[in-house]
Amino acid sequence: MPTSSASTTDSAKPSAAGGVQSLERAFDLLERMADAGGEVGLSELSAASGLPLPTIHRLMRTLVACGYVRQQANRRYALGPRLIRLGESASRLLGTWARPYLARLVEETGETANMALLDGDEIVYVAQVPSKHSMRMFTEVGRRVLPHSTGVGKALLAGVPDDEVRALLARTGMPAATEKTITTPEGFLAALEDVRQAGYAVDDNEQEIGVRCLAVSVPDSPTAAAISISGPAGRVTEAATEKIVPVLQQIARELSAALASQNPG
């Protein structure tokens, strides 16, 4: 990794938490870039982070050299391709940690249990434990779908400001997977308000006819995550929902605590 005398001095400086200051600053910049949609200018990073431009320029130059950031033709900086491998590995690990909790969901509800993340504008399923019933759900690990037609998508986007949700829907479009798929931004935003009020999300035949899904977000997850159960509409009835949702919420809290213990501080 290329260094200069200035960056070496900076990296040797301990932070208040006992870490290495330049590393903390570099990761903070990467997270700010992600929050900004993946591409920013140095002045924007300086305004957001409070760091002086020379410090940001030095850190970004190192991140570019390592492949974690790339400089665009317009002089702005974008997240680099080497982050993809790290993200994929982290997603797999997150799914591994979740599996025991999903297995409990299957035991207590009898239905297939899933875990999904919001990756860019798409939902990606990172873990699944199938039910013992023979009916197979459309979901599988690694599958990517648009969020507007899924319970996990609603659970994840319920915590996102409406203007950001509108922008996402404008980018992805809202194609109908079934005749029950929500296909208007106003309809989807109303559904998200229902999720906030109820504390859980429902996919009622919206991704696959005959299948209902119930989903909740994992609170305080290091990356936005949701867990769900999916099963035939004949089993995942309104009466079953009343019993399943508290189980989903409890296991989501327990998974959140487990993830926090893996990520102290």
Side-chain angles (χ1 to χ4, degrees), residues 34-37 98 105 109 111-126 137-139 143-233 235-256 259:
D35 290 342
L105 259 181
T109 68
E111 304 299 344
T112 296
N114 314 284
M115 183 179 193
L117 309 179
L118 184 62
D119 183 22
D121 290 344
E122 296 178 315
I123 296 298
V124 58
Y125 290 90
V126 296
M137 300 298 104
F138 84 96
T139 51
R143 178 161 184 178
R144 291 174 173 271
V145 295
L146 297 181
H148 72 282
S149 60
T150 64
V152 285
K154 292 175 187 173
L156 288 165
L157 291 180
V160 175
D162 284 359
D163 58 341
E164 293 182 25
V165 174
R166 285 185 183 277
L168 182 152
L169 296 175
R171 291 190 299 268
T172 63
M174 300 183 71
T178 75
E179 64 266 25
K180 296 199 70 175
T181 306
I182 299 171
T183 56
T184 66
E186 291 73 20
F188 189 68
L189 290 172
L192 295 188
E193 183 56 33
D194 290 341
V195 174
R196 297 181 194 111
Q197 295 293 327
Y200 68 96
V202 181
D203 157 15
D204 187 3
N205 294 271
E206 295 161 51
Q207 176 64 231
E208 186 176 4
I209 289 295
V211 175
R212 292 186 87 230
C213 301
L214 307 173
V216 299
S217 62
V218 179
D220 303 316
S221 175
T223 187
I227 58 173
S228 70
I229 65 92
S230 51
R235 285 203 306 263
V236 187
T237 61
E238 291 299 329
T241 297
E242 293 180 10
K243 299 177 182 177
I244 292 171
V245 167
V247 176
L248 262 174
Q249 293 170 331
Q250 177 61 32
I251 289 180
R253 288 191 292 267
E254 292 177 15
L255 177 55
S256 173
L259 294 174

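Note that the structure is predicted; figures quoted are calculated from it, not measured. All residue numbers refer to positions in the sequence shown, counting from 1.
Nearest heavy-atom pair across Arg235 and Ala240 is O-CB, 3.3 Å. Taking both residues in full, the closest heavy atoms of Ile244 and Ile229 are given as CG2-CG1, 3.7 Å, listed atom of the first, atom of the second, then distance. Summarising the geometry of Val218 relative to Ala252, their closest heavy-atom pair is CG1-O, 3.8 Å, with the distance given to 0.1 Å. Looking at every heavy atom in both residues, Pro175 comes nearest to Gly173 through CD-C, 3.4 Å. Contact record, Thr241 with Pro246: O-CD, 4.3 Å, taken as the closest heavy-atom pair. Annotation for Ala155 and Ala226: closest pair CB-CB, 4.2 Å, computed over non-hydrogen atoms.
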Worked check of side chain to side chain contact (heavy atoms under 4.5 Å, CB included) between Leu169 and Phe188: CA-CA 9 Å; Leu169 296 175; Phe188 189 68; 3.9 Å; yes

Leu214 vs Val202, side chain to side chain contact (heavy atoms under 4.5 Å, CB included): CA-CA, chis, key distance, verdict: CA-CA 5 Å; Leu214 307 173; Val202 181; 3.9 Å; yes

Check against side chain to side chain donor-acceptor pair (under 3.5 Å), Ser228 and Asn114: CA-CA 5 Å; Ser228 70; Asn114 314 284; 3.1 Å; yes

Side chain to side chain contact (heavy atoms under 4.5 Å, CB included) evaluation trace for Glu186 with Arg166: CA-CA 9 Å; Glu186 291 73 20; Arg166 285 185 183 277; 3.6 Å; yes

Intermediate values then yes/no, side chain to side chain contact (heavy atoms under 4.5 Å, CB included), Tyr125 and Thr150: CA-CA 11 Å; Tyr125 290 90; Thr150 64; 4.0 Å; yes

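Proximity of a side-chain donor or acceptor of His148 to a complementary backbone N or O of Pro185 within less than 3.5 Å is not detected. In this structure, the side chain of Thr181 engages the main chain of Glu206 through a donor-acceptor pair within 3.5 Å. Judged by distance alone, the side chain of Thr178 and the main-chain N or O of Ile209 form no donor-acceptor pair under 3.5 Å. A side-chain donor-acceptor contact under 3.5 Å links Gln249 to the backbone of Gly199. Checked by atom type and distance alone, the side chain of Asp203 never pairs as donor or acceptor with a backbone atom of Arg212 at under 3.5 Å.
To the nearest 0.5 angstrom, Leu117 atom CG is 5.5 Å from Thr223 atom OG1. Interatomic distance, Cys213 SG to Asn205 CG, rounded to the nearest 0.5 Å: 9.5 Å. For the atom pair CD1 (Ile123) and OG (Ser149), the distance works out to 9.0 Å, reported to the nearest 0.5 Å. Here Thr237 contributes atom OG1 and Lys243 contributes atom NZ; the two are 8.5 Å apart, rounded to the nearest 0.5 Å. Considering CG of Leu105 and CD1 of Ile227, their distance stands at 5.0 Å, rounded to 0.5 Å.
By the 4.0 Å N-to-carboxylate-O rule, Asp204 lies too far from Lys154 to be salt-bridged with it. Ion pairing between a basic and an acidic side chain is recognised when a charged N comes within 4.0 Å of a carboxylate O; Glu122 and Arg171 show no such pairing.
Environment of CG in Asp194: crowded, with over 12 heavy atoms of neighbouring residues, nucleotides or ligands closer than 6.0 Å.
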